[in-house]
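From a predicted model like this one, the values you see are computed outputs, not experimental measurements. In what follows, every chain begins at residue 1, and chains take the letters A, B, ... in the order their sequences are listed.
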2 protein chains.
Amino acid sequence: MRVDARRNRDRLVAAATAVIAEQGPAASLNEIAQQAGVGAGTLYRHFPTRESLLLEVFTTRIETLCARAHELAESRSPSDALTAWLEAFLQHCRTDRGLAETIMKAPSGSDLNCAVKLRTAGAGLVARAQEAGVVRAGVEVEDILQLTIGIALAADSPARAERLLSIAIVGLRG
Amino acid sequence: MRVDARRNRDRLVAAATAVIAEQGPAASLNEIAQQAGVGAGTLYRHFPTRESLLLEVFTTRIETLCARAHELAESRSPSDALTAWLEAFLQHCRTDRGLAETIMKAPSGSDLNCAVKLRTAGAGLVARAQEAGVVRAGVEVEDILQLTIGIALAADSPARAERLLSIAIVGLRG
DNA sequence: ACCTGAACACCGTTCAAGT
DNA sequence: ACCTGAACACCGTTCAAGT
């Protein structure tokens with residue numbers, strides 16, 4: 001990769017992070033390119049779809065969540081660890097609607113590994129919770145993630161989101 | 001209301017129904033106006049926001065759901081009635097993403113009475129279910145509707161949606 | 001190889017001009 | 001009173017032309 005290409009890519013991600021934080025995940029791609037000091041075509045070469053750009057922007061946040069999963073697995077009971085992690089995930093999805101929507105729409109066989117990482121991190125917590133009998137057998141990580149994302153998208157207030165998540169968690173026990 | 005105004009309004013709703021069925025709730029308003037044989041300005045006079053047009057289009061469907069609530073309340077047990085109604089609601093939201101999103105975004109104090117009607121119809125079923133001990137006290141209709149809408153929005157397949165709803169219903173019992 | 005930026009076909013929304 | 005439709009400022013996306 002040529003040095004100027006690398007530099008342009010970095011600038012695009014930085015600009016996208018700033019603009020998306022302001023305008024949300026539907027932010028204008030032209031504006032992102034302009035703010036990065038780059039032609040529109042360059043943005044499209046580096047990121048052929050909007051989703052690919054969004055996933056790049058969210059990578060840091062997703063990695064934070066994965067790290068949190070490992071911390072919780074070591075420091076808390078199976079039940080507490082899963083609950084705390086889902087609450088953290090819910091917060092992220094709510095402060096960043098783009099995160100929720102992007103993960104939701106990412107095809108399950110996606111080669112974009114950050115969504116995969118998230119599923120893997122969650123799977124550990126879920127398995128522990130199932131062994132402890134807090135989550136009934138047959139429930140998949142994917143079920144739990146989608147349920148949490150749905151709550152993040154549909155809840156009309158933070159308090160409601162918390163409440164719906166706790167209802168969902170009770171439901172997981174069977 | 002002048003007769004031509006009335007006629008234009010009807011044509012707009014008919015055109016919107018057709019176009020939205022094809023293109024989803026983000027369908028082009030210009031195209032709807034054009035297909036209705038009407039100027040763009042006329043659409044805006046009758047429906048100042050996209051949401052107001054969407055709610056008009058969905059009114060029929062929402063009334064169907066309300067009627068179903070009353071039928072179920074008379075013919076089934078409290079538990080079955082609520083479950084069956086939520087399944088019907090889930091189906092509607094999934095076949096018509098616009099329905100889910102529109103209801104979700106409709107301000108709770110909205111004067112658009114179709115969303116209110118839906119809440120009222122649901123409230124009867126929820127109250128019965130609570131008396132029967134199938135839904136724990138403290139849960140609001142609004143909680144249940146938002147949870148179901150969230151599931152409709154986030155689930156990646158019909159089978160998943162069904163599964164998530166049944167998890168949620170278990171959670172409602174407390 | 002990589003980048004630029006004008007060009008294209010759209011979008012929502014407004015508003016002077018018509019009837 | 002109500003409607004029309006051209007006009008405006010956008011949008012995503014492409015692609016010839018440049019370095």
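As rounded to whole Å, 11 Å separates atom P of C/dC3 from atom CG of A/Leu43. Remark: C1' of C/dC11 and OH of B/Tyr44 are 9 Å apart, rounded to the nearest angstrom. To the nearest angstrom, P of D/dT14 lies 12 Å from CG of A/Leu29. Between the CG atom of B/Asn30 and the P atom of C/dC11 there is a distance of 6 Å, rounded to whole Å. C/dT13 atom P lies 12 Å from atom CD1 of B/Ile32, rounded to whole Å. Rounding to whole angstrom units, CG of residue A/Leu53 and C1' of D/dG12 are separated by 13 Å. As rounded to whole Å, 16 Å separates atom P of C/dT13 from atom CD of B/Glu31. Computed from coordinates, the B/Gln34 CD to D/dC3 P distance equals 18 Å when rounded to whole Å.
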Under 3.5 Å, sequence neighbours excluded: what are the donor-acceptor pairs made by side chains of residues 16-26 of chain B?
from: B/Thr17; atom 1: OG1; to: B/Val13; atom 2: O; distance (Å): 2.7
from: B/Gln23; atom 1: NE2; to: B/Glu31; atom 2: OE1; distance (Å): 3.2
from: B/Gln23; atom 1: NE2; to: B/Glu31; atom 2: OE2; distance (Å): 3.2

List the atom pairs, donor and acceptor, that lie under 3.5 Å between side-chain atoms in residues 81-90 of chain A and the rest of the protein, sequence neighbours left out.
from: A/Thr83; atom 1: OG1; to: A/Ser79; atom 2: O; distance (Å): 2.9
from: A/Trp85; atom 1: NE1; to: A/Leu65; atom 2: O; distance (Å): 3.0

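Close to D/dC2, at under 4.0 Å from its OP1 or OP2, lies no side-chain N or O of B/His46. Close to D/dG12, at under 4.0 Å from its OP1 or OP2, lies a side-chain N or O of A/Arg50. Dashed line: the shortest gap from a side-chain N or O of B/Asn8 to OP1 or OP2 of D/dC3 is under 4.0 Å.
Within 4.0 Å of A/Asp4, counting heavy atoms only, lie sugar-phosphate atoms of the nucleic acid but no base atom. At the heavy-atom level, B/Ser28 lies under 4.0 Å from the strands shown only through sugar-phosphate atoms. Across all strands, B/Ala27 comes closer than 4.0 Å only to sugar-phosphate atoms, never to a base (heavy-atom distances).
Summarising the geometry, atom CG belonging to A/Leu12 is positioned 11.0 Å from atom CD belonging to A/Gln35; distances are rounded to the nearest 0.5 Å. Residue B/Arg119 holds its CZ atom at 4.0 Å from CD of B/Glu142, rounded to the nearest 0.5 Å.
For the pair B/Glu162 and B/Gln91, the minimum side-chain heavy-atom distance is below 4.5 Å. Looking at heavy atoms from C-beta onward, A/His46 lies in side-chain contact with A/Thr42 at the 4.5 angstrom threshold.
In summary, the side chains of A/Gln146 and A/Glu140 do not present any donor paired with an acceptor at a separation below 3.5 Å, with no hydrogens or angles considered.
Closest to the A/Arg2 side chain, of the nucleotides D/dC2, C/dC2, D/dG12, is C/dC2. Closest contact between the side chain of A/Ala5 and the listed nucleotides C/dC3, C/dT4, D/dC3 involves C/dC3. For B/Ala40, the listed nucleotide lying nearest its side chain is C/dT14; candidates were C/dG12, D/dT14, C/dT14.
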*Return one dot-bracket line describing DNA chain C 5' to 3' (Watson-Crick or G-U wobble pairs, both distances under 3.5 Å; ( ) same strand, [ ] crossing, | another strand, . none).*
||.|||||...|||||.||
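Between B/Glu131 and B/Arg128, no side-chain nitrogen of the basic residue sits less than 4.0 Å from a carboxylate oxygen of the acidic one, so the salt-bridge criterion is not met.
Residue-to-nucleotide proximity on DNA chain D shows that, of A/Arg45 and A/Ala26, the 5′-proximal contact is made by A/Ala26.
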